[in-house]
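The shown structure was predicted, so the numbers you read here are calculated from the model rather than taken from an experiment. Atom set for the values below is all heavy atoms of this structure, side chains included, hydrogens, waters and symmetry mates excluded.
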Amino acid sequence: MTVVRTIARKSRLSTMIDQAGGISVGVAKRQAQANLEGMKDRGLAIIAERIDSLNALPAPQTAEDALPARIEAYRLSSEVIDASGMFDMQDLCAAAKGLCDLLDAAGEDGDMDWRIVTVHAQSMRLLMSLPAEATAQRKAVTEHLNQVLVHKLGV
């Protein structure tokens, strides 16, 4: 009778994973934070550009213009979320997310008051201009935008 023997081979990747080395989570986090700081000026410029583009969007004049305008506003607002999230700008993210929620709730055939887009864009611009220590003013802006969400969406 013959016995088949298999020899377990250990992969190079599993060997590397089992070995000590690398960097600690704290060091990796500090390095990532330092890398982000170097990109902050460019990130803030991108956020400001998207907010300005959002503010400059003309209100749709016809039913055919409504959906493409809402799609563009949603795209710009999403880009604000993406860029501001990296720099821990939670109030700006909340304002942009609220606008996305309102745009999404309008649906394809929904009629939407375009002043909501304008107010959110201007509020985002205001949040960008406020200093970080102006917590009361930032909170007031986000609370008013939340009231719009509650009124329009019932959330």
Side-chain angles (χ1 to χ4, degrees), residues 13-14 16-17 20-155:
L13 178 60
S14 66
M16 287 172 44
I17 290 172
I23 59 174
S24 70
V25 173
V27 171
K29 189 174 178 181
R30 284 190 296 276
Q31 288 175 349
Q33 195 66 32
N35 290 339
L36 278 177
E37 284 302 316
M39 299 182 331
K40 190 166 187 172
D41 290 340
R42 178 67 184 132
L44 293 176
I46 290 171
I47 294 168
E49 288 172 13
R50 297 314 184 265
I51 292 171
D52 290 343
S53 296
L54 187 60
N55 199 37
L57 282 177
Q61 301 300 314
T62 65
E64 292 102 24
D65 295 342
L67 182 59
R70 284 199 318 272
I71 289 172
E72 181 64 9
Y74 191 96
R75 182 187 68 79
L76 291 167
S77 189
S78 294
E79 290 179 9
V80 169
I81 295 169
D82 293 342
S84 61
M86 291 192 321
F87 302 109
D88 200 29
M89 302 169 80
Q90 298 303 320
D91 47 6
L92 192 58
C93 283
K97 182 192 174 299
L99 179 56
C100 285
D101 290 345
L102 290 164
L103 291 164
D104 192 41
E108 287 189 30
D109 58 345
D111 190 26
M112 183 176 162
D113 186 355
W114 198 256
R115 293 177 294 181
I116 291 173
V117 175
T118 305
V119 165
H120 274 77
Q122 291 173 351
S123 297
M124 286 184 242
R125 184 182 294 156
L126 176 62
L127 289 169
M128 286 279 297
S129 68
L130 287 172
E133 56 274 357
T135 55
Q137 293 86 350
R138 289 177 172 283
K139 186 176 179 182
V141 171
T142 54
E143 283 179 359
H144 282 90
L145 292 176
N146 284 338
Q147 288 176 2
V148 173
L149 277 172
V150 169
H151 179 71
K152 292 293 184 181
L153 302 179
V155 290

With distance as the sole test, does R70 use its side chain to make a donor-acceptor pair with the main-chain N or O of D104 at under 3.5 Å?
-> no
Do you know which two heavy atoms are closest between S123 and V141, and how far apart they sit?
-> CB-CG1, 3.9 Å
Kindly compute the distance separating CG (L76) from SG (C100), expressed to the nearest 0.5 Å.
-> 9.5 Å
Backbone N or O of Q147 within a donor-acceptor pair of the H151 side chain at under 3.5 Å?
-> no
Determine the minimum heavy-atom distance between A95 and L145, stating which atoms define it.
-> CB-CD1, 3.5 Å
side-chain hydrogen bond (donor to acceptor under 3.5 Å, both in side chains) contacts touching residues 35-52 (sequence neighbours left out) = R50-E79, D52-R125
Less than 4.5 Å apart, any side-chain heavy atom of L92 and any of I47?
-> yes
Kindly indicate whether the side chain of L44, heavy atoms from C-beta on, has any atom under 4.5 Å from the side chain of M128.
-> yes
Indicate yes or no: at least one non-hydrogen side-chain atom of V148 is less than 4.5 angstrom from one of V119.
-> no
When rounded to the nearest 0.5 Å, the distance separating CG of L127 from NE2 of H120 is 10.5 Å
Compare all side-chain heavy atoms of L99 with those of V80 and state whether any distance is below 4.5 angstrom.
-> no
When rounded to the nearest 0.5 angstrom, what distance separates CG in N55 from CD in Q122?
-> 5.0 Å
Could you state the interatomic distance from CE (M124) to CD1 (I81), rounded to the nearest 0.5 Å?
-> 8.0 Å
Are any side-chain N or O atoms of S77 and backbone N or O atoms of A73, one a donor and one an acceptor, separated by less than 3.5 Å?
-> no
To the nearest 0.5 Å, what is the distance between NZ (K97) and OG (S78)?
-> 11.0 Å
Heavy-atom closest pair, residues W114 and A69 = CH2-O, 3.5 Å
Can you name the nearest heavy-atom pair linking R138 to L130, along with the distance?
-> NH2-O, 2.7 Å
